[in-house]
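Each remark here refers to the structure printed beneath this line.
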Amino acid sequence: MPVPPSASRPAYPGDDVKRKRLHRILFVDGPNLNVLGEREPALYGRRTLADLRKTVSEAARREGASVEFFQSNHEGEIVEALQGARRKADGLVINPAAYTHTSVAIRDALLYCGVPAVEVHLSNPAKREGFRKVSLVEDVVVGRICGFGGYGYVLALLALLDHLRQEGDRGPG
Ligand code: CA2
């Protein structure tokens, strides 16, 4: 005769497992990254943005995170994506591309967004022209990953997830 479920025992196997929500990570790419792989392979590699996204999605699946991607050549659209991420994302990986060096608007939107962010660059801007040595977002992100090509996007994901897990371990108090 079947035993009725009791308060001390789960009704079904696995019912007692507390499932954690997946971390939702938004990847934001700035101007000209839509044509990645088409020119300047010595600087940026031969892989397209679609290739990088596939590799990132595979890493996210292994890590148990969910990822979304956004790219725009327009500063205002990037600002709006960051504003929207305030309630929808747990973390951001952002390559602001040329806007890294110029955009107060993107910096302000990152601050408004308020979620932990990692700045990523395919090249190492510190080894390039003087104007690329300035980042207007470097002090509002958790950290930066530069100079590892497309693999930097995976490194950024892993570093961000580790940061979010440590934040979770500390708990909201
Ligand atoms: O190294 C990076 O990831 C950069 O953010 C790339 C930007 C550059 O302005 C930053 O200083 C560093 C450039 C984006 C991509 O530009 C392309 C140029 C030619 C062909 C394909 C992409």
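Ligands are counted one by one from 1 in listed order, and the atoms in each one are counted from 1 as well.
Side-chain atoms of Asn73 come within 3.5 Å of backbone atoms of Asn32 as a donor-acceptor pair (strictly under, hydrogens ignored).
Residue Arg132 has at least one N or O atom closer than 3.5 Å to an N or O atom of ligand 1. Remark: ligand 1 and Glu40 share no N or O pair separated by less than 3.5 Å (distance only, no angle test). Where the criterion is an N or O separation shorter than 3.5 Å, residue side chain and backbone included, Val120 fails it with respect to ligand 1. By the 3.5 Å distance cut-off applied to N or O atoms, Asn95 is counted among the residues near ligand 1. Residue Ser123 has at least one N or O atom closer than 3.5 Å to an N or O atom of ligand 1.
Under the ring-ring contact (aromatic ring centres under 6.0 Å, His included) criterion, Tyr153 pairs with no residue at all, not counting sequence neighbours.
Ranking protein heavy atoms by distance to atom 13 (C) of ligand 1, first place goes to Tyr44 OH, 3.5 Å. With hydrogens left out, the protein atom closest to atom 15 (C) of ligand 1 is Leu33 CD2, 3.7 Å, a heavy atom. In terms of protein heavy-atom proximity, atom 4 (C) of ligand 1 is nearest to His121 ND1, 3.7 Å. Regarding atom 2 (C) of ligand 1, its nearest protein heavy-atom neighbour is Leu122 N, 3.4 Å. With hydrogens left out, the protein atom closest to atom 22 (C) of ligand 1 is Asn32 O, 3.5 Å, a heavy atom.
If you number the atoms of ligand 1 from 1 as listed, the ones under 4.0 Å from a heavy atom of Ala98 come out as 9 (O). Numbered from 1 in the order shown, with element, the atoms of ligand 1 that lie under 4.0 Å from a heavy atom of Pro31 read 14 (C). In the vicinity of His101, heavy-atom distances shorter than 4.0 Å reach the ligand 1 atoms 10 (C), 11 (O).
Under 4.0 angstrom from ligand 1, the non-hydrogen atoms of Arg39 come from both its backbone and its side chain.
Cation-pi check for Arg53 over Phe27 is not met; the charged atom does not lie both under 6.0 angstrom from the ring centroid and within 45 degrees of its normal.
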Kindly determine whether Val79 and Asp108 satisfy side-chain contact (heavy atoms from CB on, under 4.5 Å), including the steps that lead there. CA-CA 8 Å; Val79 167; Asp108 288 347; over 6 Å; no

Test side-chain contact (heavy atoms from CB on, under 4.5 Å) applied to Leu92 and Cys113, step by step: CA-CA 10 Å; Leu92 290 168; Cys113 178; 3.8 Å; yes

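A side-chain donor-acceptor contact under 3.5 Å links Glu119 and Ser135. Arg47 and Thr55 share a donor-acceptor pair across their side chains, judged by distance under 3.5 Å alone.
Summarising the local packing, CZ of Arg86 is surrounded by more than 12 heavy atoms from other residues, nucleotides or ligands at distances under 6.0 Å.
Taking Ile, Leu, Val, Met, Phe, Trp and Tyr as members and joining any whose side-chain heavy atoms lie under 4.5 Å apart, directly or through other members, the hydrophobic cluster of Leu136 also contains Val104, Val134.
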